[in-house]
Amino acid sequence: MNIFSEIRLLVIDCLDAMVAEGALPPGLAFDQVAVEPPRDAAHGDMATNAAMVLAKPAGQNPRAIADALAARLAADPRIELAEVAGPGFLNLRLAAPVWQAVVRAALTDAGFGRSQLGQGQKVNVEFVSANPTGPMHVGHTRGAVFGDALASLLAFAGYDVTREYYINDGGAQVDVLARSAYERYREANGLSPEIAEGLYPGDYLVPVGAALKARYGDSLLERPEADWLEDVREFATEQMMALIRADLALLGVEMDVFSSEKALYGTGKIEAAIATLREQGLIYEGVLEPPKGKTPEDWEPRQQTLFRSTAHGDDVDRPVQKSDGSWTYFAPDIAYHFDKISRGFDLLIDVFGADHGGYVKRMKAAVSALSGGRVPLDVKLCQLVKLYKNGEPFKMSKRAGTFVTLRDVVEQAGADVTRFHMLTRKNDAPLDFDFDKVLEQSKDNPVFYVQYAHARVCSVQRRAAEAGIAADDATLRAADLALIGHPAELALARKIAEWPRLIEIAARGNEPHRIAFYLYELASDLHGLWNRGNDDTSLRFIQEGDAATSAAKIALIRAAAVVISAGLGILGVTPAQEMR
RNA sequence: GGCCCCGUAGCUCAGGGGAUAGAGCGACCGCCUCCUAAGCGGUAGGUCUCAGGUUCGAAUCCUGACGGGGCCGCCA
């Protein structure tokens, strides 16, 4: 039940009737007609811009259209008041039963807020995709939380969602991993490791070294790299993926599919993807121009196999093969996206770090070419997480082994706090992560504010039961909601009514952060209503000796709690029953 | 040099064609004999970086400046 779209349909019906009667000329397009909550609540419950957007095409005065539309709308029982304001806004006040029906819908419709927006379309959300060379750090955490929440949001909005992780296990970085693990293996055999410049020095490889010893004994010692590199690489990569899976589990992220880059090699999939582009005349041998302005010192023209990505909106063409004929990293990525397309997805979403911003256009170009323009690719870039400790910026370095891991954060702050905090910014805005603030679980942490609102509702239900007033779900669903009608109570119902609308807005923009902000506002309204009870005891939820009124009032806040619970569920945060 | 993101209250940020631009923190003034004060109410604080343009209407869209960040051919 989305009351905004229902009222919009009513407005369209009235406009159609006006056309039929000749009050409006035929052939008008109504797609610009919107019904929205007004910024200022004093303007009513909803406003429509219909008269203003139609004035010009209809060749009529906006206020005249608005007056006629208002008269028609007022005939509907749901509309209590329709008045023209300002330049031609039509402000609507809805009758109390409308809001009471929203409350009932929240309690009785299991999927209140769910949308058919996605129409069951298959969407693939690729996120995290951290290199399998070590544990996940704070930066990865943001992408993980964002991607997971986005996937949940889209599922809630009616999409068929697949969460996917692309394992970059085919490049030089996993050779570095293997060499690093080999040194730890030597260490496990009593030799001193030589962690050369460029190798990964982190302690997390020590157990990998030990595991290698358990498996190979000393048989790999004193052997040339060519003898052990492949085996050690495979072994270490698997160990790292186990580590990463464990990190994801700690955060509550569960992938549906793990795809391997390495598995694309030798299968002909890369060749097939490139061949598909070649058939379209998009692959050619050529020499790239040097970057304008700042030419690298060692620039020399090279003959390479290039993808004509400029034909699909990129700024320059991109190499898919190195001058020695081997694939660039871009080639398997093309094949991987081709694979996603051929698996029948209607929509692809990639969640990248902001440092991959320069990669967006070529990836979109590839997907556009490979799918014949059928499958849109939306790339969401997560900006950097800026770490603070003791109020001071804190530099992370993988080389120096001074990076803060996901595990550090989640084990100390908890998954709920971490996840909510990561979603209190748009993905394309940088995020400050102040370790001390998050760790001390201070009260200005919004996640507690929202959880507290939910806990308060639970508390009221517990207290009601103690007072001998039924407040179980069945009682609330059957409550006589006509007993709630105070403006402060209806205001909360209005906020609840925005939930289905918010889901569609958030899903359209792939913007899960909107949920976090909405939940904060809803919690604020709930806390506000709660405190009204201090001054006006008739606004308290438990009315001693009046079971019917109590049930109606508790039904209202239960409805808010249902929405909070659903919203937190999308964000992957637990709704608290109590905050002791 | 090119491309991408950002610029809104003292600070951190929402809002992304609609009316008098919002929240948190910080500051100030209030509210617990009463459903959890991890809460609430109020006051103060703004040329929405600037200049053009589109529009009935621009913080929002377009162009260009300025400022901050990121990226830019055989790393992934």
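Proteins get letters first, then strands, A, B, ... in listed order; numbering begins at 1 in each. Values reported hereafter were calculated over all heavy atoms of this structure, with side chains retained and with hydrogens, waters and symmetry mates removed.
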Round to a whole Å and report the spacing from CG of Asp324(A) to C1' of C74(B). 7 Å
Indicate for each nucleotide in nucleotides 29-35 of chain B, in 5' to 3' sequence, whether protein heavy atoms under 4.0 Å reach the base (B), only the sugar-phosphate (S), or nothing (-). -----BB
Over all strands shown, is Pro62(A) touching base, sugar-phosphate only, or nothing at heavy-atom distances under 4.0 angstrom? nothing
So, do Phe89(A) and G18(B) meet the stacking rule of ring centres under 5.5 Å and planes under 30°? no
Verify salt bridge (Lys or Arg N to Asp or Glu O under 4.0 Å) between Glu498(A) and Lys495(A), making sure each step is shown before the conclusion. CA-CA 5 Å; Glu498(A) 286 180 29; Lys495(A) 197 71 190 176; 3.7 Å; yes
Using a heavy-atom cut-off of 4.0 Å across all strands, would you classify Asn91(A) as base, sugar-phosphate, or nothing? base
Between G41(B) and A9(B), how many Å separate the two P atoms, rounded to a whole number? 23 Å
Touch check for Ala55(A), heavy atoms < 4.0 angstrom, all strands: base, sugar-phosphate only, or nothing? nothing
Base-pairing assignment for G10(B) (Watson-Crick or G-U wobble, both under 3.5 Å): C25(B)
Just checking Ala47(A): base, sugar-phosphate only, or nothing, at a heavy-atom cut-off of under 4.0 Å? base
Just the rounded figure in Å: distance from P of A76(B) to CD1 of Ile270(A). 12 Å
The side chain of Arg302(A) is closest to which nucleotide in this list: C74(B), C56(B), A19(B)? C74(B)
Arg39(A) side chain N/O closer than 4.0 Å to the phosphate oxygens (OP1, OP2) of G16(B)? no
Specify the residue among Ser323(A) and Val53(A) whose closest nucleotide of RNA chain B lies further upstream toward the 5′ end. Val53(A)
Nucleotide paired to A65(B) in any strand shown, Watson-Crick or G-U, under 3.5 Å: U49(B)
From G73(B), C56(B), G15(B), pick the nucleotide closest to the side chain of Pro319(A)? G73(B)
Rounded to whole Å, please give me the gap between CG in Leu519(A) and P in A23(B). 18 Å
With a 6.0 Å cut-off on the ring centroids, do Tyr165(A) and Phe127(A) count as close? no
Relative to each other, are the rings of Phe352(A) and Tyr359(A) parallel, tilted or perpendicular (30° and 60° limits)? tilted
If you measure only the distance, is there a donor-acceptor pair under 3.5 Å linking the side chains of His337(A) and Asp350(A)? yes
Arg425(A) atom CZ is separated from U8(B) atom P, nearest whole Å, by 13 Å
Using a 4.0 Å heavy-atom cut-off across all strands, classify Ala467(A) as base, sugar-phosphate, or nothing. nothing
Partner lookup for G39(B), please. Criteria are Watson-Crick or G-U wobble with both distances under 3.5 angstrom; report none if nothing qualifies. C31(B)
Under 4.0 angstrom, heavy atoms only, what part of the nucleic acid is Tyr520(A) near: base, sugar-phosphate, or nothing? sugar-phosphate
Of Ile570(A), Leu423(A), Asn510(A), the residue whose pairing with Leu150(A) passes side chain to side chain contact (heavy atoms under 4.5 Å, CB included): Asn510(A)
At under 4.0 Å between heavy atoms, what does Glu300(A) touch on the DNA or RNA strands: base, sugar-phosphate, or nothing? base
May I ask you to say what Glu261(A) touches in the nucleic acid, namely base, sugar-phosphate or nothing, with a heavy-atom cut-off under 4.0 Å? sugar-phosphate
G73(B) - base-pair partner by Watson-Crick or wobble geometry, distances under 3.5 Å: none
Interatomic distance where CG belongs to Asn427(A) and P belongs to C13(B) [whole Å]: 14 Å
For A14(B), does OP1 or OP2 lie under 4.0 Å from any side-chain N or O of Lys426(A)? yes
Taking atom types as modelled and ignoring hydrogens, do the side chains of Tyr452(A) and Arg456(A) form a donor-acceptor contact shorter than 3.5 angstrom? yes
Short side-chain N/O contact from Tyr449(A) to OP1 or OP2 of C40(B), under 4.0 Å: yes
Quote, to the nearest angstrom, the P distance that separates U47(B) from C32(B). 38 Å
Whole-Å C1' distance, G26(B) and C62(B): 38 Å
C29(B) to U63(B) separation - P atoms, rounded to the nearest Å: 50 Å
Any idea which of A76(B), A14(B), A19(B) is nearest the Ala85(A) side chain? A19(B)
What is the separation between atom CZ on Arg179(A) and atom P on C75(B), rounded to the nearest whole Å? 13 Å
In whole angstrom, give me the gap between the P atoms of C25(B) and C72(B). 40 Å
Answer yes or no for Arg501(A) and Phe4(A): cation-pi contact, defined as NZ/CZ to six-membered ring centre under 6.0 Å and angle to ring axis within 45°. yes
Among A76(B), C3(B), G18(B), which nucleotide sits nearest the side chain of Pro87(A)? G18(B)
Establish, from distance only, whether the side-chain atoms of Asn168(A) and Tyr329(A) form a donor-acceptor pair under 3.5 Å. no
Hey, mind stepping through Gln461(A) and Leu476(A) against side chain to side chain contact (heavy atoms under 4.5 Å, CB included) and telling me if it holds? CA-CA 10 Å; Gln461(A) 288 182 276; Leu476(A) 298 184; 3.5 Å; yes
Shortest side-chain distance from Lys322(A), nucleotide among U36(B), C40(B), A76(B): A76(B)
Quantified in whole Å, what is the P atom distance between nucleotide G67(B) and nucleotide C74(B)? 30 Å
Most 5' of Leu384(A) and Thr328(A) on RNA chain B, judged by nearest nucleotide: Leu384(A)
Classify the ring geometry between Tyr166(A) and Tyr336(A) as parallel (under 30°), tilted (30 to 60°) or perpendicular (over 60°). parallel
Looking at the angle O4'-C1'-N9-C4 for a purine or O4'-C1'-N1-C2 for a pyrimidine, is C56(B) syn or anti, with syn meaning within 90° of 0? anti
To the nearest Å, give me how far apart CG (Asp525(A)) and C1' (A23(B)) are. 12 Å
Across all strands, who's sitting opposite A19(B) as a Watson-Crick or G-U wobble pair, both distances under 3.5 Å? none
Could you check which of A76(B), G70(B), A19(B) has an atom nearest any side-chain atom of Asn168(A)? A76(B)
Could you tell me how far apart Glu511(A) (CD) and U60(B) (C1') are, to the nearest whole angstrom? 13 Å
Could you tell me how far A23(B) sits from C5(B) if I compare only their P atoms? Round to whole Å. 29 Å
Determine the contact category for Gly358(A): base if any of its heavy atoms lies under 4.0 Å from a base atom, sugar-phosphate if only primed atoms, P, OP1 or OP2 are that close, otherwise nothing. sugar-phosphate
Gap in Å between the two C1' atoms, one belonging to A21(B) and one to C48(B), rounded: 8 Å
Is there a donor-acceptor pair closer than 3.5 Å between any side-chain N or O of Arg419(A) and the backbone N or O of Leu571(A)? yes
Picking from C56(B), A19(B), G73(B), which would you name as closest to the side chain of Gln304(A)? G73(B)
Tell me whether Asn427(A) contacts the main-chain N or O of Leu381(A) through its side chain, where contact means a donor paired with an acceptor under 3.5 Å. yes
Over all strands shown, is His356(A) touching base, sugar-phosphate only, or nothing at heavy-atom distances under 4.0 angstrom? base
Where the side chain of Asp355(A) is concerned, which of G18(B), G70(B), C3(B) is the nearest nucleotide? G70(B)
